[in-house]
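Step one of this worksheet: look at the structure below.
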Amino acid sequence: QVQLVESGGGLVQAGGSLRLSCAASGRSFSSYTMGWFRQAPGKEREFVATIGWSGTTTHYADSVKGRFTISRDNAKNLVYLQMNVVRPEDTAVYYCAAADLRSSIVVLSTNEDEYDYWGQGTQVTVSS
């Protein structure tokens with residue numbers, strides 16, 4: 001069982017930066033693939049970024065590639081999403097999620113159905 005709590009959301013101007021954090025508690029955090037997803041008002045939840053258990057492999061949605069960076073600190077049970085050059089279309093509730101892919105041949109996932117645990121979300125609002 002893994003509990004996830006996001007923080008760091010807020011209001012930021014377009015072109016600015018924000019860093020989201022996700023604190024995990026529970027066993028074997030370092031074994032989980034972690035992901036960030038977001039849901040804008042009236043839209044489906046979408047994939048943003050994912051990072052493998054070791055932190056050496058990452059993958060991003062095209063819409064955030066080059067602007068956002070996902071990282072993790074397994075010693076502190078933390079996952080981060082550094083958001084740079086934010087745009088109004090980045091406005092959404094951002095969710096942290098954990099996936100147990102140890103029995104899989106892949107170490108990353110963009111599919112929310114493969115994520116077992118979710119945080120409550122943190123609101124990010126980008127003003128133009």
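Just so you know, these numbers come straight off a predicted model, no measurement behind them. Numbers here are sequence positions counted from 1.
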How long is the span from the [atom1] atom in [X] to the [atom2] atom in [Y], to the nearest 0.5 Å?
X	Y	atom1	atom2	answer
Ser17	Asn84	OG	CG	3.5 Å
Leu108	Trp53	CG	CH2	12.5 Å
Thr58	Lys65	OG1	NZ	9.5 Å
Asn77	Ser25	CG	OG	8.0 Å
Ile51	Met34	CD1	CE	9.5 Å
Ser71	Leu81	OG	CG	8.5 Å

Heavy-atom check, side chain of [X] versus side chain of [Y], under 4.5 Å:
X	Y	result
Glu112	Trp118	yes
Met83	Arg67	no
Arg38	Asp90	yes
Leu20	Val124	yes

Inset, instruction - Would you check if there is a donor-acceptor pair between the side chains of Gln13 and Ser127 at a distance under 3.5 Å? - result: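 Not at all, the side chains of Ser127 and Gln13 share no donor-acceptor pair under 3.5 Å.
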Inset, instruction - Verify the distance criterion only: is there a donor paired with an acceptor across the side chains of Glu114 and Ser109 at less than 3.5 Å? - result: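 Yes.
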Legend entry - Same cluster (ILVMFWY, side-chain, under 4.5 Å), Tyr80 and Leu18: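 Cluster IDs for Tyr80 and Leu18 differ.
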Inset, instruction - State yes or no: do Phe68 and Val12 share one hydrophobic cluster built from I, L, V, M, F, W and Y residues joined by side-chain heavy-atom distances below 4.5 Å, directly or via other members? - result: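 Yes, Phe68 connects to Val12 through the hydrophobic network.
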Sub-3.5 Å donor-acceptor pair from the side chain of [X] to the main-chain atoms of [Y], do we have one?
X	Y	value
Asn74	Phe29	no
Glu6	Gln120	yes
Asp116	Asp100	yes
Tyr60	Ile70	yes
Thr50	Thr110	no
Arg19	Gly9	no

Inset, instruction - Please confirm whether Arg45 makes a cation-pi placement over Tyr95, using NZ or CZ under 6.0 Å from the six-membered ring centre and within 45° of the ring normal. - result: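 Yes, Arg45 and Tyr95 form such a contact.
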Legend entry - Aromatic ring proximity, centroids under 6.0 angstrom, Tyr115 and Phe37: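 Ring centroids of Phe37 and Tyr115 are less than 6.0 Å from each other.
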Inset, instruction - Determine, stepwise, if the pair Leu101 / Tyr32 fulfils side-chain contact (heavy atoms from CB on, under 4.5 Å). - result: CA-CA 7 Å; Leu101 300 181; Tyr32 286 85; over 6 Å; no
Inset, instruction - Applying side chain to side chain donor-acceptor pair (under 3.5 Å), name anything that partners Thr122, two or more places apart in sequence or on another chain. - result: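 Listed in chain order: nothing, the list is empty.
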Legend entry - Contact summary for Val48 and Tyr94, nearest pair of heavy atoms: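 Smallest heavy-atom distance, with atoms named: CG2-CE2, 4.3 Å.
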Inset, instruction - Over all heavy atoms of both residues, which pair between Ala40 and Ala92 is shortest? Give the atoms and the distance, please. - result: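 For Ala40 versus Ala92, the nearest heavy atoms are N-CB, 3.8 Å.
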